[in-house]
Amino acid sequence: MNIALIGYGKMGHMIEQVALERGHRIVCRIDVDNQEDFDSPEFASADVAIEFTNPTAAFDNYCRAFKHHVKVVSGSTGWMKDHRAEVEEMTRDGKQTLFWASNFSIGVAIFSAVNRYLAQIMNRFPQYDVQMEETHHVHKLDAPSGTAITLAEEIVDNIDRKAKWKLGTTTWDDGRVEGSADHNADELLVNSIRHGEVPGIHRVTYNSEADSITITHDAHSRMGFALGAVLAAEYTKDHTGLLTTNDLFKF
Ligand SMILES: NC(=O)C1=CN([C@@H]2O[C@H](COP(=O)(O)OP(=O)(O)OC[C@H]3O[C@@H](n4cnc5c(N)ncnc54)[C@H](OP(=O)(O)O)[C@@H]3O)[C@@H](O)[C@H]2O)C=CC1
Ligand SMILES: O=C(O)C1=N[C@H](C(=O)O)C[C@H](O)C1
């Protein structure tokens with residue numbers, strides 16, 4: 001299939017490698033300095049555009065692709081709080097197509113199923129309090145991570161004693177600590193750590209006086225995200241509307 005890349009950074013390069021290995025063609029690469037290529041015949045020839053940019057650019061990129069009726073697969077995080085409703089409206093009834101996931105790795109799809117099940121079990125065991133921690137490289141622009149937000153929303157949806165999640169502290173390599181761990185009992189605290197070149201670690205811990213139960217997903221590289229994004233593009237070619245990994249992996 002024909003793939004356009006929007007954002008040619010760490011993920012864009014890795015997705016190109018995986019897409020070529022799987023026999024696809026890259027027909028267009030759009031980065032900051034060639035935005036006019038959105039209006040090129042090469043971009044319009046794409047079956048799917050794969051977008052990995054940043055929290056502030058992502059929504060505009062979806063709109064520019066939709067103008068040419070090009071379907072989008074996107075992993076950019078941090079835009080949902082401002083544009084979720086608009087994207088839901090644009091993709092309603094398959095008018096436009098966006099496959100979005102805060103994390104494309106197969107491992108996180110499995111982790112997320114375990115996360116939801118564990119939260120349901122914990123309704124019967126009020127002696128356990130739950131907290132989350134995510135660790136990423138120091139270049140990351142958003143905190144908490146998109147994956148942490150998705151996992152936190154799943155816990156809040158499934159465990160009666162938590163009403164919402166709250167960003168706690170962000171701890172940096174040089175020892176700086178931003179934010180505060182203060183929170184109410186009905187708030188799920190999510191702490192962030194920014195360290196070196198870590199691709200992404202997500203940890204959910206249930207703690208009681210007697211013991212702790214921790215589940216962790218630790219990405220060894222970005223390769224799992226890139227493979228998932230290309231699998232999502234292959235799925236998106238034949239589907240419409242607002243899609244996500246639950247559609248792809250059938251969890
Ligand atoms: N869902 C998932 O599985 C994953 C999601 N991510 C998310 O994907 C995003 C990108 O990650 P990553 O590749 O590591 O980041 P990078 O910073 O390495 O790459 C982003 C690229 O997008 C470019 N860019 C910025 N603005 C625009 C624009 N308006 N149009 C086109 N290109 C633009 C940047 O250019 P310049 O450098 O010049 O600004 C850069 O080349 C982040 O939001 C990250 O959180 C990352 C990994 C997995
Ligand atoms: O910025 C990253 O690198 C990552 N971003 C995604 C997120 O915010 O959850 C996914 C992955 O953890 C890597």
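All ligand and atom numbering here is 1-based and tracks the order in the structure. Everything numeric in this text was worked out from a predicted model, so none of it was measured.
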- prompt: Can you tell me which residue and heavy atom of the protein come closest to atom 12 (O) of ligand 2, and the distance to 0.1 Å?
  reply: H136 NE2, 2.6 Å
message: Taking only non-hydrogen atoms of F225, do any sit less than 4.0 angstrom from ligand 2?
response: yes
query: Looking only at protein heavy atoms, which one is nearest to atom 5 (N) of ligand 2, and how far off is it?
result: K140 NZ, 3.2 Å
query: For ligand 1, what is the set of protein residues having any non-hydrogen atom at a distance below 4.0 Å?
result: G7, Y8, G9, K10, M11, I30, D31, V32, Q35, F52, T53, N54, A57, N61, G75, S76, T77, A101, S102, N103, F104, K140, F225
message: Which label fits F66 and Y62: parallel for a plane angle under 30°, tilted from 30 to 60°, or perpendicular past 60°?
response: tilted
message: Counting only heavy atoms, tell me which of G78, G200, S102, S145 gets closest to atom 10 (C) of ligand 2.
response: S102
statement: Per-atom filter on ligand 2: closer than 4.0 angstrom to a heavy atom of P199 are 13 (C)
message: Whether the H202 and E133 side chains hold a donor-acceptor pair (N or O, under 3.5 Å, no angle test) is what I'd like checked.
response: no
query: Heavy-atom distance to atom 9 (O) of ligand 2: which of L151, T147, V198, I201 wins?
result: T147
message: Can you tell me which portion of E134 lies within the under-4.0 Å heavy-atom range of ligand 2? Options are side chain, backbone, both, or neither.
response: neither
message: Show me which atoms of ligand 2 lie under 4.0 Å from any heavy atom of H202.
response: 12 (O)
task: Please confirm whether M11 comes under 4.0 Å of ligand 2, counting heavy atoms of the residue only.
output: no
- prompt: At what distance is the nearest protein heavy atom to atom 3 (O) of ligand 2, and which residue and atom is it?
  reply: H137 NE2, 2.7 Å
- request: With heavy atoms of N103 as the reference, note each atom of ligand 2 found under 4.0 Å away.
  value: 10 (C), 11 (C), 12 (O)
- prompt: By number and element, which atoms of ligand 2 are closer than 4.0 Å to a non-hydrogen atom of G146?
  reply: 7 (C), 8 (O), 9 (O)
message: Clusters formed by hydrophobic residues whose side-chain heavy atoms approach within less than 4.5 Å: which one holds V27, and what are its other members?
response: none
